[in-house]
Protein chains: 2
Amino acid sequence: MSTDRPRRVNIVDVARHAGVSHQTVSRVINDSPLVAAATRRKVQAAIEELGFRPNRLARALAGGTAREVTVLTTDTSLYGASETLSGIEDAARAAGHTVSVSVMNPDQPYADADVLARLPHLGSPAIVIAHDATTTRAMRALRAAQPSTTVATGGGDLADETEAADWLVALDDRAVAARATRHLLDLGHATVHYLAIPSKAPRRLGWEQALRDAGRPVPPPAACDWSTASAYHAAIGLLEDPDVTAILCGNDDLAVGAVRAAHIAGRAVPGDLSVVGFDDCPYAAFQVPALTTVGLDFRGLGRGAFELLRSKLDGAPRPRPTWRQPELIVRETSAPPRNRTE
Amino acid sequence: MSTDRPRRVNIVDVARHAGVSHQTVSRVINDSPLVAAATRRKVQAAIEELGFRPNRLARALAGGTAREVTVLTTDTSLYGASETLSGIEDAARAAGHTVSVSVMNPDQPYADADVLARLPHLGSPAIVIAHDATTTRAMRALRAAQPSTTVATGGGDLADETEAADWLVALDDRAVAARATRHLLDLGHATVHYLAIPSKAPRRLGWEQALRDAGRPVPPPAACDWSTASAYHAAIGLLEDPDVTAILCGNDDLAVGAVRAAHIAGRAVPGDLSVVGFDDCPYAAFQVPALTTVGLDFRGLGRGAFELLRSKLDGAPRPRPTWRQPELIVRETSAPPRNRTE
DNA sequence: AGATTGAATGTTAGGGCTCACAAACGGACG
DNA sequence: CGTCCGTTTGTGAGCCCTAACATTCAATCT
């Protein structure tokens, strides 16, 4: 398994061609100010002519920084995670960094060492897209072990802000979950049921909080996994109770399952049942009926994470954690309950 | 921007600790058979004790292979692409390779050199998830320039199998598109309209072929982008014609848009309009009505792509291109037209 | 016994780059 | 005119490994 090595053009070749020392070439490719303008031009011409591309590996080996970020996540096909990844990649590419992806298995318990083993070496920059138990644990493992450079995204399991005393970019899931819950209560629903995605405690807590604040009963949340199917089944169960008129869902995929369940159970949405999702997936606006949901800027989250990582690498002091405010998007799946008694 | 370098444990430290030469340590970590069992144990103990992790960079620099794959794609949030990426990552991790992602902008025209610039160096292993014009062009650019190791996934724009005379894993989009079209014709529809995603010529060609084979008129395909919104608007236009009774969509996201358009236009699905999607996204089965679509094993595709790459790196001869057969999944959005006249 | 193997280990030379210096050069200054 | 200084360039060492070759040593053969 060895790539052909037809002796690539290296820095010495360029130096010879330009009639300077290899170090001067190094300075040019690193934008050092200590090169005379004329020399720089000469070298750049040589680089051009020879088609020289600096060897990333050698640079990293010699210089200490690989300019590469490892992104840890569990599921690249989840809307939030993949959008966040895109955002990271976007910002990283602009900054000349390479993004490696390491996909973890959500069902596998990882020892801290297993998490660290996914990095090129101890201390290398990493971003964790922390959206479930596995990735949240990974985030903690890195934070504990890494001499530097871990940035988490998403907030994961973080129950409160104390844990956020770290390099973290997060969406304020909690506040917006409360907001979505209040939206349903304001429409006249007696209470709101919750289909929970694994982890994402903040969403659950926000929902709970809003119910409590309004003095409403807090029904037990229905535990789902990430699949639409699990939400469908959970909702079918929930809908046996005719008093269930509003369901908040951990994400849009679950919301789709809930709507389908209502359909099968013969309940009209939103007439008999209101459903609110989370994430504002691309398809949400085009569901029939169109999904009321929470819009989250995952791409911006990813970009923010990389920028944070960069400032950390640059030795900047840790900024206050950013809690990005999502936005409730009211569409067609939420409405007052039909037989309102007030 | 420099990672702290507290002088990591290296191969020489291990060698000293174990009382052998560094080369012997190298042999141990490379599973060379030329090490006595006792020595191997000694060395392994030293590695364990010192927490030694071989430096990936140095290995690559010295040995010639970085054991890393670059995946080129345009949109990690597209279901197919992200699933494929997961599949690649899965197989690559198992084989001890690192996966780097390079996300291209679908709207930007890339010169061949720009594509190559995304690789760590000329000739380094790459997999292109070729599903649109940009990535298909990237695939061609790599094929032309790379001394080795390009594997494409998905088939992209490939109009026929001649182009497939390369290291390629693909889904037989063409055959299954024809199959889906026949499904609709068999239900009694006079013809089938097509909402086209950018590129993916095979799907369009399969549809065309099936219509021609059945002696049906071939309406002009409606060009959409990847967004549900574009499909929605295209479908709204299409539905002004009351004779439109069946629409095949380039993917499920478009199908959702078409169903929504039907709803807005006051046409029942599937009573007045049949819709068939592509990809079998997780939500497809739970739409109301549940989406008839084509199931594609993207994850398997990704794994297959990596295995192919590996065998290429190992110097294996090119196998015959694999055209994986997808499967039509009939659910609730396809039915006979209401006013059938036969 | 001496020569011949073969396995196990060691030695040396890079790979392509950056870092920390040292050297050369020109001008400003006393 | 010599000294000092800043700018620009060059030199050498070293990052951590592997490839290729050299060496050692015990077992085998004649």
Side-chain angles (χ1 to χ4, degrees), chain A residues 1-43 46-47 50-68 96 120-124, chain B residues 1-43 46-47 50-68 96 120-124:
Chain A
M1 175 164 295
S2 111
T3 307
D4 299 4
R5 295 223 287 170
R7 179 75 178 66
R8 294 203 286 133
V9 179
N10 68 23
I11 202 172
V12 177
D13 299 330
V14 175
R16 205 166 21 225
H17 196 86
V20 298
S21 79
H22 67 112
Q23 180 55 25
T24 300
V25 177
S26 171
R27 290 198 184 94
V28 170
I29 62 184
N30 287 294
D31 289 324
S32 157
L34 296 112
V35 184
T39 313
R40 163 163 289 132
R41 266 195 305 278
K42 222 167 40 181
V43 171
I47 289 176
L50 267 46
F52 169 68
R53 292 256 313 273
N55 184 319
R56 209 172 47 84
L57 267 30
R59 289 180 102 167
L61 184 59
T65 168
R67 294 187 150 257
E68 97 191 315
H121 60 261
L122 191 68
S124 62
Chain B
M1 176 162 299
S2 110
T3 307
D4 299 6
R5 294 222 286 171
R7 180 74 179 65
R8 294 202 286 133
V9 179
N10 67 24
I11 202 171
V12 178
D13 299 329
V14 175
R16 203 166 23 225
H17 195 86
V20 298
S21 80
H22 65 115
Q23 180 55 26
T24 300
V25 178
S26 171
R27 291 199 183 92
V28 170
I29 61 184
N30 287 294
D31 289 324
S32 157
L34 295 109
V35 184
T39 313
R40 163 163 288 131
R41 266 195 304 278
K42 226 169 33 182
V43 171
I47 289 176
L50 266 45
F52 169 69
R53 293 255 313 272
N55 183 320
R56 208 171 46 84
L57 267 29
R59 289 180 101 168
L61 184 58
T65 170
R67 294 189 150 257
E68 98 190 315
H121 60 261
L122 191 68
S124 62

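Only heavy atoms go into these numbers, but all of them, side chains included; no hydrogens, no water, no symmetry mates. Each chain gets a letter, A, B and so on, in the order its sequence line appears, and its residues count up from 1.
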message: I need a per-nucleotide contact map over nucleotides 4-10 of chain C, read 5' to 3'. Cutoff is protein heavy atoms under 4.0 Å; write B for the base, S for backbone only, - otherwise.
response: ----SBB
message: Between B:R53 and B:V9 (side chain of the first, backbone of the second, donor and acceptor by atom type, cut-off under 3.5 Å), is there such a pair?
response: no
- prompt: Are A:P120 and A:E68 side-chain neighbours, meaning at least one heavy-atom pair lies under 4.5 Å?
  reply: yes
List the atom pairs, with distances to 0.1 Å, where a side-chain N or O of residues 33-43 of chain B and a protein N or O form a donor-acceptor pair under 3.5 Å, not counting sequence neighbours.
from	atom 1	to	atom 2	distance (Å)
B:R40	NH2	B:S32	O	2.6

Pairing residues for A:N10 by the side-chain contact (heavy atoms from CB on, under 4.5 Å) criterion, not counting sequence neighbours: A:R7, A:V12, A:D13
message: If I take atom CZ in residue B:R67 and atom P in nucleotide D:dC16, what distance separates them, rounded to the nearest angstrom?
response: 21 Å
- prompt: Does a nitrogen or oxygen in the side chain of A:N55 sit under 4.0 Å from OP1 or OP2 of C:dG15?
  reply: no
query: How many angstroms lie between OG1 in B:T24 and CD1 in B:I29, if you round to the nearest 0.5 Å?
result: 11.5 Å
message: Is there a side-chain contact between A:R67 and A:R59 in this structure, where contact means two heavy atoms from C-beta onward sitting under 4.5 Å apart?
response: no
query: Taking atom C1' of C:dG16 as reference, at what distance in whole Å does atom CZ of A:R56 sit?
result: 13 Å
task: Scan for salt bridge (Lys or Arg N to Asp or Glu O under 4.0 Å) pairs involving residues 18-34 of chain A, sequence neighbours excluded, and state none if there are none.
output: none
field: Rounded distance in Å - CZ (A:F52) to P (C:dG16)
entry: 10 Å
- request: To the nearest Å, give me how far apart CG (B:L61) and P (C:dC17) are.
  value: 9 Å
- prompt: By side chain to side chain donor-acceptor pair (under 3.5 Å), which residues pair with A:H17, not counting sequence neighbours?
  reply: A:E49
- request: Please report, rounded to the nearest Å, how far the P atom of C:dC19 is from the CD1 atom of A:I29.
  value: 11 Å
message: From CG of B:N30 over to C1' of D:dA20, roughly how many Å is that when rounded to an integer?
response: 15 Å
- prompt: What's the CD1-C1' distance between A:I11 and C:dT18, to the nearest Å?
  reply: 8 Å
- prompt: B:R53 has an atom CZ; how far is it from atom P of D:dC17, in whole Å?
  reply: 11 Å
field: Between the first and last five pairs of the helix from C:dA1-D:dT30 to C:dG30-D:dC1, the angle of the axes, rounded to 10 degrees
entry: 60°
task: Could you tell me whether the side chain of B:S26 reaches within less than 4.5 Å of the side chain of B:I11, counting heavy atoms only?
output: yes
- prompt: Would one find a side-chain N or O of A:N10 under 4.0 angstrom from OP1 or OP2 of C:dG16?
  reply: yes
